[in-house]
Asks: 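Here it is: the structure, laid out below.
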Amino acid sequence: MEFIPNFAVFEGGDGSGTTTQLSILAERFKNTPKPVFFRTFEPTNEKTGLLIRSALKNEIKLRAETLCFLFAADRNEHLYGTNGIITHTKRNELVVSDRYTLSSLVYQGIECGDELPQALNSCFPAPELTIFFDIVPEIALERIKNRSSHEIYENLNFQKKAREKYMDLLKNYDKAGGKVEIINSSGHVQEVADKVWSIISQMPILKNSENIF
Ligand code: TYD
């Protein structure tokens with residue numbers, strides 16, 4: 001199966017640190033002379049993504065299947081739409097997204113069974129690299145318990161199921177074409193960031209370019 005070169009994805013349970021780690025990674029590219037790095041995330045900040053976010057905050061009530069369709073619709077625009085992932089990877093930029101198809105296979109898989117998320121996501125190409133941030137859900141939830149707003153999946157029972165499902169799916173995920181790396185993210189933030197960099201810096205787009213670092 002095809003994968004998208006120059007495209008990496010951070011995946012993990014809630015509180016696993018994907019967003020923090022993506023911020024640290026983005027800092028490294030802050031002063032590069034031309035755009036070489038594009039940071040992005042799902043659900044997006046476009047209209048569909050915002051609708052998803054209000055459902056995640058329980059402001060509106062949607063059926064699990066509806067949410068699954070919305071995530072896929074949001075992803076289709078994120079990938080192929082104006083200024084989307086493909087546009088940037090084709091310009092030879094490194095694109096890193098906070099979440100992608102695996103989040104749907106795991107989260108919506110738990111909520112509405114595997115069939116629908118698999119059907120809706122099997123047409124999306126895999127990223128070149130997926131980094132999974134692995135952490136015990138108890139620690140992850142402790143880290144985010146003081147956030148000002150909470151989302152529907154942030155409970156121990158769900159996060160335990162999600163971790164198991166991620167592990168299960170990751171076993172076969174590299175067969176889809178992309179590479180998979182699992183990082184233990186319960187350590188110190190900088191320690192985890194160093195591990196991330198040791199993996200990301202081996203991507204061909206960075207390894208082969210002398211002009212950046
Ligand atoms: P998260 O990535 O933790 O971002 P933030 O810190 O901004 O809240 O939140 C996104 C939530 O959406 C997370 O609980 C996972 C969920 N999600 C899905 O259920 N399916 C998906 O396809 C995606 C992309 C996210």
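Not measured: the values here are computed from a predicted model.
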Asks: Answer yes or no: is there a side-chain heavy-atom contact under 4.5 Å between V96 and T40?
Replies: no
Asks: Please report the shortest heavy-atom distance between L105 and D114, naming the atom on each side.
Replies: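 Nearest heavy atoms, L105 then D114: O-OD1, 4.4 Å.
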Asks: Is E59 salt-bridged to R53, cutoff N-O under 4.0 Å?
Replies: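 A salt bridge is absent here (no side-chain N lies under 4.0 Å from a carboxylate O).
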Asks: Say whether N155 and Q159, considering side chains only, have a donor N or O and an acceptor N or O under 3.5 Å apart.
Replies: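 There is no such pair between these side chains.
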Asks: Would you say the side chains of S103 and E11 form a donor-acceptor pair under 3.5 Å?
Replies: yes
Asks: Ignoring hydrogens and angles, state whether a donor on the side chain of Y107 or D14 is under 3.5 Å from an acceptor on the partner side chain.
Replies: yes
Asks: I'd like to know if I199 and I205 are part of one continuous hydrophobic network [Ile/Leu/Val/Met/Phe/Trp/Tyr, side-chain heavy atoms within less than 4.5 Å].
Replies: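 I205 and I199: one cluster.
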Asks: Do the side-chain N and O atoms of Y166 and S16 include a donor-acceptor pair separated by under 3.5 angstrom?
Replies: no
Asks: Taking all non-hydrogen atoms of both residues into account, name the closest pair between A140 and I135 and its distance.
Replies: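 For A140 and I135, the tightest heavy-atom pair comes out as CB-CG2, 3.7 Å.
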Asks: Under a 3.5 Å distance rule, please check whether S201 uses its side chain to pair with a backbone N or O of W197 as donor and acceptor.
Replies: yes
Asks: Using a strict cut-off of less than 4.0 Å between a Lys/Arg side-chain nitrogen and an Asp/Glu carboxylate oxygen, indicate whether E164 and K161 qualify as a salt bridge.
Replies: no
Asks: Under 4.5 Å between any side-chain heavy atoms of L170 and L102, yes or no?
Replies: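 Of all side-chain heavy-atom pairs linking L102 with L170, at least one is under 4.5 Å.
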Asks: Please answer whether the main-chain N or O of T89 pairs with a side-chain N or O of N6 as donor and acceptor at a distance below 3.5 Å.
Replies: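 Checked: pair present.
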Asks: Do the side chains of F69 and L116 get nearer than 4.5 Å, heavy atoms only?
Replies: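 With C-beta onward as the side chain, the pair touches.
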Asks: Quick check: is F41 connected to I24 through a chain of hydrophobic side chains (ILVMFWY, heavy atoms under 4.5 Å apart)?
Replies: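 As far as the 4.5 Å side-chain criterion goes, F41 and I24 are not connected within one cluster.
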Asks: Looking at CZ of R39 and CG of L22, how far apart are the two atoms once the value is rounded to the nearest 0.5 Å?
Replies: 4.5 Å
Asks: Distance from F29 atom CZ to L94 atom CG, nearest 0.5 Å?
Replies: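 Rounded to the nearest 0.5 Å, the CZ-CG separation comes to 5.5 Å.
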Asks: So, do K165 and I110 sit near enough that their side-chain heavy atoms are less than 4.5 Å apart?
Replies: yes
Asks: Determine, for E42 against R75, whether the closest basic-nitrogen to carboxylate-oxygen distance falls under 4.0 angstrom.
Replies: yes
Asks: Report the distance from atom CD1 of I182 to atom CZ of F133, rounding to the nearest 0.5 Å.
Replies: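 Reported to 0.5 Å precision, the distance equals 12.0 Å.
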Asks: When the aromatic ring centroids of F132 and Y173 are compared, is their separation below 6.0 Å?
Replies: no
Asks: Below 4.5 Å, heavy atoms only, C-beta onward: do D134 and N184 meet side chain to side chain?
Replies: no
Asks: Between N83 and H88, is there a side-chain donor-acceptor contact under 3.5 Å, judged purely by atom types and distance?
Replies: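 The answer is yes; a qualifying pair exists.
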Asks: Is it possible for you to say whether L25 and V36 belong to one hydrophobic cluster, with membership spreading through side-chain heavy-atom contacts below 4.5 Å?
Replies: yes
Asks: Side-chain contact test, heavy atoms from C-beta onward, threshold under 4.5 Å: evaluate it for T101 versus S104 and give yes or no.
Replies: no
Asks: Can you find a heavy atom in the side chain of F71 that is under 4.5 Å from one in the side chain of P43?
Replies: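 Of all side-chain heavy-atom pairs linking P43 with F71, at least one is under 4.5 Å.
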Asks: For E154 and K145, run salt bridge (charged side-chain N to carboxylate O under 4.0 Å, His left out): C-alpha distance rounded to whole Å, both residues' side-chain angles, the deciding distance at 0.1 Å, then the answer.
Replies: CA-CA 9 Å; E154 293 175 17; K145 73 167 190 225; over 6 Å; no
Asks: Side-chain contact test, heavy atoms from C-beta onward, threshold under 4.5 Å: evaluate it for F158 versus E111 and give yes or no.
Replies: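 When only atoms from C-beta onward are counted, E111 and F158 do touch, with a gap below 4.5 Å.
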Asks: Quick check against the 3.5 Å criterion: does D74 have a side-chain atom that pairs as donor or acceptor with the backbone of T44?
Replies: yes
Asks: If you measure from CG on L62 to CG on L56, what distance do you get to the nearest 0.5 Å?
Replies: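 Between atom CG of L62 and atom CG of L56 there are 9.5 Å.
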Asks: Testing the basics here: between A126 and G178, what is the closest heavy-atom pair and its distance to 0.1 Å?
Replies: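 Looking at all heavy atoms of both residues, the shortest contact is CB-N, 4.4 Å.
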Asks: If I take atom CG from residue L70 and atom CD from residue E65, how far apart are they, to the nearest 0.5 angstrom?
Replies: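 Those atoms lie 11.5 Å apart.
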Asks: What pair of heavy atoms forms the shortest contact from R143 to G15, and how long is it?
Replies: CD-O, 3.8 Å
